[in-house]
Amino acid sequence: MKTSAESYHFLPTGHSCSNWRLHMAAVATPSLPNQNKLPSFSSRIPAPIVLLQMCSNFQEVRQVHAQLVVSGLIERPINGGRLLQAYVTVSNFNYALSTFDSISNPDVFAYNTMMRGLILSKSPYHALKLYSRLLLDGLKPDNYTYTFVLKACSQVNALFEGREVHGRIIKAGIAPDTYIHSSLINMYSSSSDGLVCAERVLAGFSEDNTLAKNSLISGYLSQGQVESARKMFDNLVAKDDASWSAMVAGYTKNGMYAEALVIFRKMLSSQVSPNESALVSSLCACANLGALDQGKWIHAYIDRIGARISVTVGTALIDMYAKCGSIENAYEVFRKMPQKDVVSWGAIISGFAIHGRAAKCFELFDDMVAGGIHPNEVIFVGILSACSHAGYVETGYKYFDQMVHHYGIKPSIEHYGCMVDLLGRAGRLAEAEGLIMSMPELPNSVIWGAFLGACRMHSDVRRGNLAFKHLTDLEPTSGDRYKLAGIMFANAGEKENATKIRTIITDNDLETTRGVSSIEIDGVVHEFVAGTINHSRHKEIYRMWERVNRLLEIHELEICIPF
DNA sequence: GTAGGGTTAG
């Protein structure tokens, strides 16, 4: 470490040394973390180092950092590594990086800790660079180094580099432990080509290793090989929470939502308490199924076990309630969340957008910005789709402009989709067409589909024909596109074209879909198809629905225990 | 003398 406080320039740019000294004086005195819980002072370890291990947030680490500088303890190289570690554990990666830079001769521990920080902050490329620097420094990588570098490789699908690391591990004669094994499997199974190697790695390890087996299960699932994963999972003797949650997450990721809920239920009946990942995945499955009762049950379960609602779980709850049609519950969860990140704001804004509450979306957007959270591209998808549902063309333009020029976000195809939809619905077809032509990338079927829908709505056969031509190129087998065009021609009185299209649909046996909505009663999902009025039990369902509403008012969550 | 699963949310 640098030897004096004056030359100690670890702070991010904008802080001068004199400011730092003043600041140190201000923070060094007030409440330090849990001083009363300190172990006895007979210990040889200096008090600030003990404190460092007890820090649970950034402010505390910074205070102890100040003490380390004042006491000169920072000058011992080992303490520099400890400080770095503390910044990584409280997820302040800028301070971690500055601390690392201020260490003059970082040892393997410092390198490992910094690599871990870079992986946690989703900078795997930097972690890989640091690994090369470690080798250039002539240091000898250890088991931790290999675990982290393999993790970085799997994050960027660097199969080639990963193989090289694998070779180096073998050549170095390191005895690979369970962690290295599971990291190798993760690395190889980040691409479908590597799965065979992953299987071989597992086969070459004699001990029973649940960690590595879980990794291979996740690998199969990430490559869509659900059957292989399930087989391996069923044969697993010691299933831990990670094994279960890998299955729940894997089913959800592969769109098999019902299976995800079934295995989640099995997890609970096997007396394994679900971890955060399993809760989030199963809530995601509920959201996609519209299974409000099951979602509410999971919410009640979380409350019952007294788990603190984390940002991640809270966000998954918001999304579930919003997608299951219960925006009020979503908003309640949102308001009660002690911490929110940009994803939580995105979930609630998109939720209100789905429900057509544009004004509320704008209000939330302002609150978010006022709270110092920087909107990302997803926030604008929510805002623009709210504009389009409400028909606010000028507001939509305003936000689109703000996104590009004020926030420097490059519009994605989804943003263009919202704008085309917005302009098209409002009948401003020439503007919509101009926007499509100005797009930097090639318009996809979503864009042309929205445009065709708008042309049909406003009986613009010339432009509609253009959209239809593009759609037949992009999606030649989608019956829906032909159907829409057929309706457009029929409405415009062009009977010849309309019948031509109808014969295309029947001759080629193209499938068309109909609008479907569903409600869930007593754990069973009932579907209603647009245009049909005689669902076999619709009267009964209506009566049950009324009863459910009454019950909900009386006991809130008590009725939903489907498991 | 400090350490490492999996990873979901818009």
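In the text below, chain A, chain B and the rest are named by the order of the sequence lines, each starting its count at 1. FYI, side chains are in, hydrogens and waters are out, and symmetry mates aren't considered; it's all heavy atoms of this structure.
Ring to ring, Trp244(A) and Phe264(A) are not that close: their centroids are 6.0 angstrom or more apart.
Of the possible polar contacts, one joining the Asn79(A) side chain to the Leu73(A) backbone as a donor-acceptor pair under 3.5 Å is found. Counting only distance, with no hydrogens or angles, the side chain of Thr315(A) and the backbone of Val343(A) share no donor-acceptor pair below 3.5 Å. In terms of modelled atom types and a separation under 3.5 Å, the side chain of Asp421(A) and the main chain of Gly417(A) share no donor-acceptor contact. For the pair His415(A) (side chain) and Glu377(A) (backbone), a donor-acceptor distance under 3.5 Å is present.
No contact: Lys213(A) has no heavy atom under 4.0 Å from any strand. Residue Asp142(A) is in base contact, counting any heavy-atom pair closer than 4.0 Å across all strands shown. Counting any heavy atom pair closer than 4.0 Å across all strands shown, Ser182(A) reaches no nucleic acid atom. No contact: Thr113(A) has no heavy atom under 4.0 Å from any strand. Residue Ala249(A) is classed as having no contact, given no heavy-atom separation below 4.0 Å to the nucleic acid. Across all strands, Asp341(A) comes closer than 4.0 Å to no nucleic acid atom at all (heavy-atom distances).
Closest approach to the Asp319(A) side chain among dA3(B), dG4(B), dG10(B) is made by dG10(B) (side chain taken as heavy atoms from C-beta onward). Each of dA9(B), dT8(B), dA3(B) was ranked by its minimum atom distance to the side chain of Val343(A); first place goes to dA9(B). Looking at the side chain of Thr312(A), the nearest of the listed nucleotides dG4(B), dG10(B), dA9(B) is dA9(B). Set against dG6(B), dT2(B), dT8(B), the side chain of Gln85(A) has dT2(B) as its closest nucleotide. The nucleotide whose nearest atom lies closest to any side-chain atom of Cys284(A) is, among dA9(B), dG10(B), dG5(B), dA9(B). The listed nucleotides are dT2(B), dT7(B), dG4(B); the one nearest the side chain of Lys151(A) is dT7(B). Comparing atom distances between the Lys253(A) side chain and each of dG1(B), dT8(B), dG6(B) picks out dT8(B) as nearest. Distance from the side chain of Asn376(A) is smallest for dG10(B) among the nucleotides dG4(B), dG10(B), dA3(B). Proximity note for Ile49(A) (side chain, C-beta onward) versus dG1(B), dG4(B), dA3(B): the nearest is dG1(B). Listed candidates were dG6(B), dA9(B), dA3(B). Nearest to the side chain of Asn112(A) is dA3(B).
Atom pair Leu216(A):CG and dG6(B):P shows a separation of 13 Å (rounding to whole Å applied). Per the geometry, CG belonging to Asn288(A) stands 14 Å off P belonging to dT8(B), to the nearest Å. Whole-Å rounding puts the Leu120(A) CG to dG5(B) C1' distance at 12 Å. Distance, Leu283(A) CG to dT8(B) P: 14 Å, rounded to whole Å. Straight-line distance from the CD1 atom of Ile119(A) to the C1' atom of dG6(B): 14 Å, rounded to whole Å. Distance Leu84(A) CG to dA3(B) P: 13 Å, rounded to the nearest Å. Nucleotide dG6(B) holds its C1' atom 15 Å from the CE atom of Met232(A), rounded to whole Å.
Nearest heavy atoms, Phe148(A) versus Ile119(A): O-CD1, 3.1 Å. Across all non-hydrogen atoms, the minimal contact from Val64(A) to Pro48(A) is CG1-O, 3.3 Å.
The aromatic ring of Tyr144(A) sits over the base of dA3(B), with ring centres less than 5.5 Å apart and planes tilted by under 30°.
Between the base of dG4(B) and the side chain of Asn143(A) there is no donor-acceptor pair shorter than 3.5 Å. The base of dG5(B) sits with one of its N or O atoms less than 3.5 Å from a complementary donor or acceptor on the side chain of Asp240(A). Donor-acceptor pairing under 3.5 Å, judged by distance alone, is absent between the side chain of Asn186(A) and the base of dG6(B).
Nucleotides of DNA chain B nearest to Lys122(A) and Ala242(A) differ in position, and the one nearer the 5' end is that of Ala242(A).
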